[in-house]
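Only this structure's heavy atoms are used, side chains among them; waters, hydrogens and symmetry mates stay out.
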Amino acid sequence: MSDVKESFEPKIIAFCCNWCSYAGADLAGSMRLKYPPNVLPIRVMCSGRISPHFILKAFQKGADGVLVTGCHYGDCHYIKGNYITKRRVTIMKDLLKFIGIDSRRLKADWVAGSEGDKWARVATEFTEEIRALGPSPLRG
């Protein structure tokens with residue numbers, strides 16, 4: 001089992017708000033900051049628009065972890081999208097536990113467009129956490 005975990009490279013889907021966290025990810029790339037290539041950023045207009053179906057579908061399609069990132073509280077371009085996201089992620093963590101998926105495989109964080117260093121740190125830390133958990137039980 002430990003050999004599997006040591007050679008395991010997780011697949012991570014990162015849903016990123018267009019206005020802040022996607023810009024933070026882009027800045028991290030522009031600054032040539034290193035973060036794992038395991039993280040696939042997907043741009044959405046607002047983190048509040050990330051349907052729970054998107055999260056479940058990511059896991060069904062083989063993601064080992066899902067990272068949801070958005071604007072800091074008070075900075076949302078759509079006023080309260082990040083508050084909606086916080087509630088949804090909390091509920092989704094309970095749902096994941098119910099269906100037998102470790103809730104640590106879903107994480108929400110807030111990254112501003114000027115925080116390329118934070119984006120790289122969050123992506124790296126989450127990748128390491130997922131690597132330690134091993135493959136998702138839904139992975140084919």
Side-chain angles (χ1 to χ4, degrees):
M1 181 70 173
S2 65
D3 290 339
V4 172
K5 277 191 177 180
E6 287 176 21
S7 65
F8 167 64
E9 283 301 324
K11 293 181 190 175
I12 298 173
I13 300 298
F15 293 106
C16 307
C17 139
N18 178 63
W19 304 104
C20 288
S21 59
Y22 192 84
D26 191 43
L27 180 61
S30 297
M31 294 172 63
R32 299 185 191 273
L33 299 175
K34 297 216 183 277
Y35 65 89
N38 310 57
V39 180
L40 174 64
I42 297 176
R43 184 187 335 204
V44 294
M45 287 310 290
C46 177
S47 63
R49 299 292 299 172
I50 300 166
S51 166
H53 293 108
F54 296 169
I55 295 168
L56 289 175
K57 194 65 152 181
F59 283 115
Q60 286 175 331
K61 293 289 186 176
D64 298 299
V66 175
L67 177 63
V68 177
T69 58
C71 305
H72 288 281
Y73 294 122
D75 288 340
C76 178
H77 282 66
Y78 300 103
I79 314 301
K80 59 183 181 176
N82 43 16
Y83 293 102
I84 293 167
T85 302
K86 175 67 174 153
R87 283 196 313 260
R88 279 190 183 148
V89 167
T90 301
I91 291 167
M92 287 301 299
K93 283 179 168 276
D94 289 339
L95 177 64
L96 290 175
K97 272 193 268 188
F98 179 75
I99 63 175
I101 298 173
D102 192 321
S103 64
R104 293 176 292 177
R105 292 185 181 277
L106 174 61
K107 178 180 176 144
D109 213 321
W110 319 113
V111 180
S114 62
E115 294 180 315
D117 56 334
K118 182 175 181 183
W119 165 260
R121 186 177 69 254
V122 167
T124 302
E125 289 171 359
F126 189 57
T127 300
E128 290 304 317
E129 186 173 352
I130 298 302
R131 188 175 285 127
L133 290 173
S136 167
L138 296 181
R139 198 174 208 196

message: Applying side chain to side chain contact (heavy atoms under 4.5 Å, CB included) to L27 and W119, what does each step give before you reach the verdict?
response: CA-CA 9 Å; L27 180 61; W119 165 260; over 6 Å; no
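Panel note: side chain N82, backbone C71; a donor-acceptor pair is recorded below 3.5 Å. In this structure, the side chain of E115 engages the main chain of A112 through a donor-acceptor pair within 3.5 Å. Looking only at distances, no side-chain donor or acceptor of N38 sits under 3.5 Å from a matching main-chain atom of K11.
In this view, H77 and W19 satisfy the ring-ring contact (aromatic ring centres under 6.0 Å, His included) rule, not counting sequence neighbours. The ring-ring contact (aromatic ring centres under 6.0 Å, His included) search around Y73 returns Y83, W110, not counting sequence neighbours.
Counting heavy-atom neighbours within 6.0 Å of R49 CZ, excluding the residue itself, gives a total of 12 or less.
Here the closest non-hydrogen pair linking A14 and V39 is CB-CG1, 3.8 Å. In plain terms, the two heavy atoms of C20 and C17 that are nearest each other are N-SG, 3.3 Å. The shortest non-hydrogen separation linking C46 to G81 is SG-CA, 3.7 Å. When every heavy atom of G65 is checked against every heavy atom of I130, the shortest pair comes out as CA-CD1, 4.1 Å. Closest non-hydrogen pair, L138 versus Q60, comes out as CD1-N, 4.4 Å.
Applying the ring pair (Phe, Tyr, Trp, His ring centres under 6.0 Å) definition to pairs two or more places apart or across chains, none involves residues 46-65. The stretch residues 22-45 participates, sequence neighbours left out, in no salt bridge (Lys or Arg N to Asp or Glu O under 4.0 Å) pair at all. Residue pairs that meet the salt bridge (Lys or Arg N to Asp or Glu O under 4.0 Å) test with at least one member in residues 57-85, sequence neighbours left out, are D64-R139.
Note: the hydrophobic cluster containing V111 does not contain Y22 (ILVMFWY, side chain heavy atoms under 4.5 Å, direct or indirect links). Taking hydrophobic clusters as Ile, Leu, Val, Met, Phe, Trp and Tyr residues chained together by side-chain heavy-atom distances below 4.5 Å, V89 shares a cluster with V44.
To the nearest 0.5 Å, atoms OH (Y35) and OG1 (T124) are separated by 9.0 Å. Interatomic distance, C76 SG to I84 CD1, rounded to the nearest 0.5 Å: 8.0 Å. We find the SG-CE distance between C16 and M45 to be 13.5 Å, quoted to the nearest 0.5 Å. With rounding to the nearest 0.5 angstrom, the CG atom of D109 is 7.0 Å from the CG atom of L67.
With S47 as the fixed residue, the side-chain hydrogen bond (donor to acceptor under 3.5 Å, both in side chains) test singles out one of T85, T69, N18: T85.
You'll find the side chain of I12 stays beyond 4.5 Å of the side chain of V66, heavy atoms only.
Contact check on E129 versus R105 returns no salt bridge, with no Lys/Arg side-chain nitrogen under 4.0 Å from an Asp/Glu carboxylate oxygen.
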Show me the donor-acceptor pairs, under 3.5 Å and distance only, between side chains in residues 91-103 and residues at least two apart or in other chains.
{"unit_1": "K93", "atom_1": "NZ", "unit_2": "S103", "atom_2": "O", "d": "2.9"}
{"unit_1": "K93", "atom_1": "NZ", "unit_2": "L106", "atom_2": "O", "d": "2.6"}
{"unit_1": "D102", "atom_1": "OD1", "unit_2": "R104", "atom_2": "N", "d": "2.9"}
{"unit_1": "D102", "atom_1": "OD1", "unit_2": "R104", "atom_2": "NE", "d": "3.1"}
{"unit_1": "D102", "atom_1": "OD2", "unit_2": "R104", "atom_2": "NE", "d": "3.2"}
{"unit_1": "D102", "atom_1": "OD2", "unit_2": "R104", "atom_2": "NH2", "d": "2.6"}

